[in-house]
**Q** 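Would you mind keeping the following structure in view while I ask a few things?
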There are 4 protein chains.
Amino acid sequence: MEVAANSTAQEQYQAIYQQVRNHWDKLCKPLVREDYVMQTEAGVSPPKWHLAHTTWFFEEFILKNNHSSYSIFNEQYPYLFNSYYNSMGQYMEKSSRGMVSRPVLDDVLAYRRYVDEAMMELLQQADEKSMAALQPLVNLGLNHEQQHQELFLMDIKNIFYHNPLNPVYHETDLPVSTAQPLDWHAVEEGLTRIGYEGEGFCYDNEQPRHKAWLQPHALATRPVLNGEFLEFIEAGGYRDSRYWLSDGWDAVHRYNWFAPKYWIKDERGFKIMTLNGLKKLDENEPVSHVSYYEADAFARWKGLRLPTEFEWEHTARDHRVAGNFMDDECYHPIMPEQFDGEPCAGLYGNLWEWTMSPYSPYPGFQKLAEGVNEYNAKFMCNQFVLRGGCCATPADHIRPTYRNFFYPEDRWQFSGFRLAKDL
Amino acid sequence: MEVAANSTAQEQYQAIYQQVRNHWDKLCKPLVREDYVMQTEAGVSPPKWHLAHTTWFFEEFILKNNHSSYSIFNEQYPYLFNSYYNSMGQYMEKSSRGMVSRPVLDDVLAYRRYVDEAMMELLQQADEKSMAALQPLVNLGLNHEQQHQELFLMDIKNIFYHNPLNPVYHETDLPVSTAQPLDWHAVEEGLTRIGYEGEGFCYDNEQPRHKAWLQPHALATRPVLNGEFLEFIEAGGYRDSRYWLSDGWDAVHRYNWFAPKYWIKDERGFKIMTLNGLKKLDENEPVSHVSYYEADAFARWKGLRLPTEFEWEHTARDHRVAGNFMDDECYHPIMPEQFDGEPCAGLYGNLWEWTMSPYSPYPGFQKLAEGVNEYNAKFMCNQFVLRGGCCATPADHIRPTYRNFFYPEDRWQFSGFRLAKDL
Amino acid sequence: MEVAANSTAQEQYQAIYQQVRNHWDKLCKPLVREDYVMQTEAGVSPPKWHLAHTTWFFEEFILKNNHSSYSIFNEQYPYLFNSYYNSMGQYMEKSSRGMVSRPVLDDVLAYRRYVDEAMMELLQQADEKSMAALQPLVNLGLNHEQQHQELFLMDIKNIFYHNPLNPVYHETDLPVSTAQPLDWHAVEEGLTRIGYEGEGFCYDNEQPRHKAWLQPHALATRPVLNGEFLEFIEAGGYRDSRYWLSDGWDAVHRYNWFAPKYWIKDERGFKIMTLNGLKKLDENEPVSHVSYYEADAFARWKGLRLPTEFEWEHTARDHRVAGNFMDDECYHPIMPEQFDGEPCAGLYGNLWEWTMSPYSPYPGFQKLAEGVNEYNAKFMCNQFVLRGGCCATPADHIRPTYRNFFYPEDRWQFSGFRLAKDL
Amino acid sequence: MEVAANSTAQEQYQAIYQQVRNHWDKLCKPLVREDYVMQTEAGVSPPKWHLAHTTWFFEEFILKNNHSSYSIFNEQYPYLFNSYYNSMGQYMEKSSRGMVSRPVLDDVLAYRRYVDEAMMELLQQADEKSMAALQPLVNLGLNHEQQHQELFLMDIKNIFYHNPLNPVYHETDLPVSTAQPLDWHAVEEGLTRIGYEGEGFCYDNEQPRHKAWLQPHALATRPVLNGEFLEFIEAGGYRDSRYWLSDGWDAVHRYNWFAPKYWIKDERGFKIMTLNGLKKLDENEPVSHVSYYEADAFARWKGLRLPTEFEWEHTARDHRVAGNFMDDECYHPIMPEQFDGEPCAGLYGNLWEWTMSPYSPYPGFQKLAEGVNEYNAKFMCNQFVLRGGCCATPADHIRPTYRNFFYPEDRWQFSGFRLAKDL
């Protein structure tokens, strides 16, 4: 998010707001109107819903309370587009989001314009004191918008996967990954500091910064590759209970897993469904769309383990935050080159990396203020932390302390993993 | 379906074909593109699917085998648009029909034009012998098309009902029904003949015409009204197990039924959702969207019963087939006037009437030839017969011997009922 | 049920009562205490429950209202042992019957003795007028008891089947069946009379006797055999949708059916689980434990059909009611010999025969008085009629007009079938 | 487990073995045979199954490999009584454990005697080297047996709760709890050591002992009481989403929770079901049978949190391991007195205390050897750690480092909680 250096805070926020919000224009270009209302799995939301929900977020949490003359665009929209904020009133069940043909796309775009104009006005008219109060909320709203831009890419991949015609979202020649040897980056035991510290934006779940004790350990210098995962499959990994958590073994049978999500087997081997269409499996690419259970089973098969989120953050915080994020328009994980002076490759960009850390609050965690406090805090249970950001994440949305989280059986996100071991 | 009297059979069939197929233009006019892909309940199909499936029917059962130069429009469409014909190859699960954004509406319309042109050619070029072979299949295809036109109206009503915005399909002032006294039409015992006989089209399940013995009985001269059903509700009918079949009592609790489908209760009483929008309940209208269980429970509450399908046909076959069918563009059941010389009102048009007859084959029943033989025969189990045609049925699609059938818990069809009693 | 000819009605009923009730002693002999509380499938009730429920029936419907000094044995038993009589108060869900270890067997036997003594007193003291009122209810109670004795045998077979040790209920050498050629018994069209007429006991659903028109048809002279059904299996019958009703085809996949219930496949062929233990399949025995769907699919495979219940009754009513009923202590269907002068073999005894008739009320049907009126009437939906009685039915419980009924997917009853065809 | 001081290791193990195994005699005394086969909820196992499974454990993991002349008692028992050890062969589904009436109790007791005799022989004949190999396995087997003795008490409570007669397991006068003020025990930040170290037995999940950093915090000096939890209920806690984790809020609605498990509401307030029968709620008793979600919601309502398992262990390891464990034969949690010189009351005995720590492996965790390695390791996902031991735990089975674990929605274990806060 770049803005002119000599602009006022108001102008800066106006610029950033428009930049983030307008990125949808590019993201939506490949879609037809029918795509906008699809909900192909329980976790998926229709593209139209993302466009409207992120708009409702600004209306509900900012305009209603801060813009003196604002009136709700449509009285029924809060019911339709509230996601899960119980304290904001009743809302439609998530499973029904795909059952609503109207308001149509044009209505939702009008809603976006209406709210954008009001936001521009609000920022325009804000005095210094107001700006101080608005900034955290506007930042939250924009980061929220970016999260939904990533969710949109995850969801459209799922929507196109479920369509027997397998539509292509983005026509491009993907770079060919080159194999890299696996090596280990050793870290000694000691006290470290975990969590965000600084002036910029972070989520409540990244704070407070606190001390944590690290055990001696080593991190793999690159993520696990498709070719390595294929060996696990061919060694009967999905049929051998010894490698699996008990709940993972149940999931294998409940969902009939035999390979990562979006791998399609035919007589000639595996194809994978990508946002660039069906393509032959590239063995040198990092493996993606695995559940926590599959990542953990692979690691057990190797006699190794996943890193903790603290181990990950401790090593990654001194690396450059760079990789093929959303902005590179590849929308697909590739095997990254290693940067000079950095022991590990691919920590950022490409794929979210599962860690072995359950998603829990940091010591002294304080959730956000009433209203937006349902944002993160109520999900701190039964999920695992992923780190690093992926090829569908906006690049300026990522930082070393960022904690993403999914259920251990989730696989539609861009998730891979790297190995670790005790020393 | 009217055609010029002095035309050839070929010309007649071409004209009828176009007339039936083009009726969709009118039906689809109120829709937006997003409506075409909605599937809001398990029994509902998206409008786009209806347009494509009926087209596939002509391609699969007529063009592939009879048109010498025909080539399939798209190799993937049979998988997408076969409904349930196991002998025609694999097909998508019904529950996934709403998950397919593409082919988009324009693709489906192109598919329709492609098939229509081939059908016109085929009929154009058919000699007399070919026409003899084609006629039953074309008739079947056109009647099939008409059934889906009715299903389309049922489904779009459901789609709009599930949308919190409650869209209106057809703006119109509905006629106001006037109350009619209930009287009884008595019939003596004796042998009657049941089933279709004649030169016109009928389904396999209406044949063979056969003898059946009628017990002495009486039919109500009009269907049960909303006001009467409201009395049942207010008398606690939905909470009193004595009136219900055991499976019906289970359904009441499984689905939390407290009124017919599309009745919406607020503090001022009942509104009902119609294709003409939300409207106040008219107590003089015949009650609609009841399940077999609800019709049966009402009858038991009254100490009466539903008619058998043979009793219904015996009396109805001498009545005019007339009423507010689809072609009257009201799309809503009203209390019909009684025709001169006919003892019962409202037998045809308005609402399908539940009978107490399980849907079984007639004695000597022969299912259709290989291919289309899955049309009716495999459903002769666990369903009940309804008679008469409704406000969403094309008028020329109905005859006295017509047997419609639904599961006893189904309620999204336009179903009402009339009472009967033993004498 | 034989009693001394010169006894009073009171004495006769006392004798019959004790005879029927005491038959449990024999039936329960092979059981251990743990068997009495088992519930291995949703349709199965624990043996202890049968003993208590049939006792509750006499307490609830006879003693409470007719015995002046009777007091309820235990205030909690009606909740525990009412089956489905909503008008008699709340009762435990059927699925919980196997969750109640106490009252233990001895408590239930004490309950039986308590009620039996009260019944003996009631019958002892009844004057002629009271006897007239009591007789229908006592008859109903005893026939009800006999139905549960059959259910007990069905259920204990299921309980022992689900036990990996496969216990034997009754050690015996089963007679070897001998093959009989299949022939056809032709019947001309005409009016017949269906339903019970006479002085003896019958259920409400067998009445009123009424006229029905029969089409010309023929009945197979014997039921379908294991060997014939094996041919259907080996011809791929379970994998070919063409032979199956749509709901049947769904059931095949939902339950993974590949043979009748209790057929166990190993490398050497099929064994079947019987009350006499695991035994090698005898190809000359009539096939048993098939669902309606399987019977119907077999008939379609043969290009034939099942008989209607009216066709069955019309031919069977002039046959002797004889066969290997429960009283022969074989508890297994065998291929019966044909009686002199009777065209069909095996109509009674051995196996209930599926008919193609949905279970519906007869014209003019009147359900029983308040209280016991939930006995049959509320089940007249979604089930099919079976006729004839089986090897687990008490012999004196059967008559030509008897209508048994099960859901088309039920298979744990002793159900077979015979073929029919149109002439 | 006390044994004579001057005995050999062989004699000591024989004595301990018999002491632990024979404790079942006392536990089973209140049962009738029908109780032994009950399975009333998915998590519950029948008492007979516990008796047999613990016996199978010695047969499978010790006798088969170490006793030269041992032969399996019954070839079918491993299938019946293996719990979840996939590497030991196929086993019955957990949900079917209540479907097996045979082997009957006497058979299982004979199995126990057979294995016990073989174990006595094995220990008798073991030389020093063999003893060294046997000891860890025998210890594991005996600790496993003790875990099942606790599970037995949890399960029999559930079995009696589901019985409408509410049987009493143990007639006794429960001590009356006296209220204690809530105070806080403060702990400064610093490095601590977590995990078992020593010569005695511990589970693999308690090791390796490792360093961990504690944040400054305080622990409540006593657990939360029934009276305090009642305030939460009366304040609408179960109806206010703000206090609940998202998954917990779902659980509240899925299971219709309105109070802890075994609380029964009538017009006069709450009763609770105990192993001592139904009793009036004692407000001074520690609250029990709450899920993690309920414990967490209560803490959020108070603006506090649960302790981590490290915080708990750090403070508790210097406390006496004492309380009303199983051996006190109260089988019910009471409010314990505070011991001299110990800041917190009730850490051990009475109730397992939920911690906020997800159940994860310790750094450097090594699972047990092949065979028994499925004991703990495969469950390290989706569960939370509880500490302290309860009134149903054998007293000598508990130590400061003991990690119990349950799913956050489980409530049939004796689970309570104490509050904590950040300093």
Side-chain angles (χ1 to χ4, degrees), chain C residues 28 30-42 44-49 51-52 73-82 89-93 95-109 111 155-169 277-278, chain D residues 28 30-42 44-49 51-52 73-82 89-93 95-109 111 155-169 277-278:
Chain C
C28 288
L31 269 54
V32 297
R33 273 177 64 185
E34 286 86 344
D35 294 333
Y36 284 92
V37 293
M38 291 290 110
Q39 183 174 34
T40 40
E41 290 188 12
V44 168
S45 295
K48 188 178 74 180
W49 188 88
L51 291 172
F73 179 73
N74 183 314
E75 293 295 337
Q76 289 174 295
Y77 281 19
Y79 177 75
L80 290 172
F81 300 125
N82 177 358
Q90 289 210 299
Y91 52 86
M92 221 169 47
E93 273 190 54
S95 59
S96 298
R97 288 179 191 165
M99 290 193 189
V100 181
S101 52
R102 308 171 185 211
V104 296
L105 180 59
D106 280 348
D107 298 328
V108 166
L109 295 179
Y111 181 34
D155 289 352
I156 201 70
K157 184 171 184 171
N158 192 274
I159 290 166
F160 284 0
Y161 169 74
H162 279 284
N163 190 316
L165 309 182
N166 294 135
V168 173
Y169 173 74
L278 273 181
Chain D
C28 289
L31 267 56
V32 297
R33 274 178 64 187
E34 285 85 344
D35 294 333
Y36 284 92
V37 293
M38 291 291 110
Q39 184 174 33
T40 40
E41 290 189 12
V44 168
S45 295
K48 188 179 73 181
W49 187 90
L51 291 173
F73 181 71
N74 183 314
E75 293 295 338
Q76 290 175 294
Y77 282 20
Y79 178 75
L80 290 171
F81 300 124
N82 178 356
Q90 290 210 297
Y91 52 86
M92 222 169 47
E93 274 190 53
S95 59
S96 298
R97 290 181 188 162
M99 290 193 188
V100 181
S101 52
R102 306 171 186 210
V104 296
L105 180 59
D106 281 347
D107 298 328
V108 166
L109 295 178
Y111 181 34
D155 289 352
I156 201 72
K157 183 169 184 173
N158 192 274
I159 290 166
F160 285 0
Y161 169 73
H162 280 284
N163 190 316
L165 309 183
N166 294 134
V168 173
Y169 173 74
L278 273 181

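Letters A, B, ... are given to chains in the order of the sequence lines, protein chains preceding strands, and every chain is numbered from 1.
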**Q** For Tyr36(D), is there any backbone N or O sitting under 3.5 Å from a side-chain donor or acceptor partner on Glu34(C)?
**A**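 Judged by distance alone, no pair lies under 3.5 Å.
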
**Q** Where does Pro164(C) contact chain D at under 4.5 Å (heavy atoms): side chain, backbone, both or neither?
**A**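 It is both, since atoms from each part get that close.
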
**Q** Once rounded to the nearest 0.5 Å, what's the spacing between atom CG of Asn166(D) and atom CD of Gln76(C)?
**A**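 One finds 7.5 Å between CG of Asn166(D) and CD of Gln76(C).
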
**Q** Under 4.5 Å, counting heavy-atom pairs only, tell me which of Met99(C), Met38(C), Arg102(C), His162(C) racks up the most with chain D.
**A**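 Heavy-atom pair counts peak at Arg102(C).
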
**Q** What's the shortest heavy-atom distance between Ile159(D) and Ser101(C), and which atoms?
**A**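 So the two residues come closest at CG2-OG, 4.5 Å.
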
**Q** With a 4.5 angstrom heavy-atom cut-off, is it the side chain or the backbone of Leu165(D) that approaches chain C, or both, or neither?
**A**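 Both parts, backbone and side chain.
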
**Q** Quick check: do Arg33(C) and Val32(D) have side-chain heavy atoms less than 4.5 Å from each other?
**A**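 In short, these two side chains touch, coming nearer than 4.5 Å.
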
